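Just below is one structure, and these are the notes that go with it.
The sequence lines fix the lettering, A, B, ..., with proteins before strands; numbering per chain opens at 1. Worth saying up front: this structure is predicted, and the values here are computed from it rather than measured. Side-chain atoms are counted along with the backbone in the values below, which use heavy atoms only and exclude waters and symmetry mates.
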Amino acid sequence: GEDVEQSLFLSVREGDSSVINCTYTDSSSTYLYWYKQEPGAGLQLLTYIFSNMDMKQDQRLTVLLNKKDKHLSLRIADTQTGDSAIYFCAEESQGNLIFGKGTKLSVKP
Amino acid sequence: DTEVTQTPKHLVMGMTNKKSLKCEQHMGHRAMYWYKQKAKKPPELMFVYSYEKLSINESVPSRFSPECPNSSLLNLHLHALQPEDSALYLCASSLNTGGDEQYFGPGTRLTVT
């Protein structure tokens, strides 16, 4: 079946950039998504990228897509303590979302 | 407005109880979803409704019974649950099925005793 892989943990200092990486398997995915989940909360849609794009920027967030390698990344510029959360990458596969296991981002002051 | 609301926020129920989870959206979305999320795991899809009709049931046990009374509401009826069913239950909606971005509610934290 389809699979999405992410590293489980990332620790950065406040003010640094964070880069969360993701690999996926479904080459026919039309959309790829990044969701953020804070403790005890639901998933917040951060951004998404259409499969025919290489890059999308939205304020502090930059998404890079390498379709050939099926690699997706989320860069958070000027990371703040409020960015501490779990970040899920998700690919759209046959109309459904396939989530990665999530990357826990810890931001140290 | 991209808000999906869910009630209750927390629910504790015994294995013989019957309870319902509720989800509501007013974005005009025609697709609604139930997910189950265990601690430190990604969400797992349970059910998909499209235009108020059940389109996907991911082999969910019959003790979970979904219902879509209208295009804005989605319920999940619970009966004879097991302790291992304790989890965060997330509702989501999207304009249509087929990959449109899904907006999630805050979830209901369910504990089965």
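A continuous path of Ile, Leu, Val, Met, Phe, Trp and Tyr side chains, each step under 4.5 Å between heavy atoms, connects A:Y33 with A:Y24, placing both in one hydrophobic cluster. Note on A:L105: it clusters hydrophobically with A:Y35, by side-chain heavy-atom contacts below 4.5 Å among ILVMFWY residues. Residues B:Y35 and A:V4 fall within the same hydrophobic cluster, defined by Ile, Leu, Val, Met, Phe, Trp and Tyr side chains chained together at heavy-atom separations under 4.5 Å.
Summarising the local packing, CD of A:Q59 is surrounded by 12 or fewer heavy atoms from other residues, nucleotides or ligands at distances under 6.0 Å. Within a 6.0 Å sphere centred on CZ of A:F50, heavy atoms belonging to other residues, nucleotides or ligands number more than 12. Counted within 6.0 Å of CE on B:M15, heavy atoms from surrounding residues, nucleotides or ligands total 12 or fewer; the atom is thus considered open. Annotation for B:K18: atom NZ does not count as buried by contact number, only 12 or fewer foreign heavy atoms lying within 6.0 Å. No more than 12 heavy-atom neighbours from other residues, nucleotides or ligands sit within 6.0 angstrom of NZ on A:K104.
Interatomic distance, CD of A:E92 versus OG1 of B:T97, reported as 10.0 Å (0.5 Å rounding). The structure places CD of B:E44 at 11.0 Å from CZ of A:F99, a figure rounded to the nearest 0.5 Å.
Heavy-atom pairs under 4.5 Å with chain A were tallied for B:Q102, B:R109, B:Q6; the largest tally goes to B:Q102.
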Practice problem: Check the pair A:L43, B:Q37 against side-chain contact (heavy atoms from CB on, under 4.5 Å), reporting the backbone distance first and the verdict last. | Solution: CA-CA 11 Å; A:L43 272 69; B:Q37 187 180 25; 4.2 Å; yes
Exercise. Tell me, with the steps shown, if B:L45 and A:L97 meet side-chain contact (heavy atoms from CB on, under 4.5 Å).
Key: CA-CA 8 Å; B:L45 183 64; A:L97 291 182; over 6 Å; no
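Nearest heavy atom pair, residue B:E101 against residue A:Y48, reads OE2-OH, 3.6 Å. Taking each heavy atom of A:G100 and B:P42 in turn, the nearest pair found is O-CB, 3.1 Å.
Annotation: side chain of B:E58 is in contact with side chain of A:N96 (closest heavy-atom distance under 4.5 Å). Two residues are said to be in side-chain contact when any heavy atoms from C-beta on lie closer than 4.5 Å; B:Y103 and A:Q44 fail this criterion.
In this structure, the portion of A:L45 lying under 4.5 Å from any heavy atom of chain B is its side chain and not its backbone. For chain B, the nearby part of A:Q37 is the side chain; its heavy atoms alone come within less than 4.5 Å.
For A:Y31 (side chain) and B:D100 (main-chain N/O), no donor-acceptor pair under 3.5 Å exists by modelled atom type.
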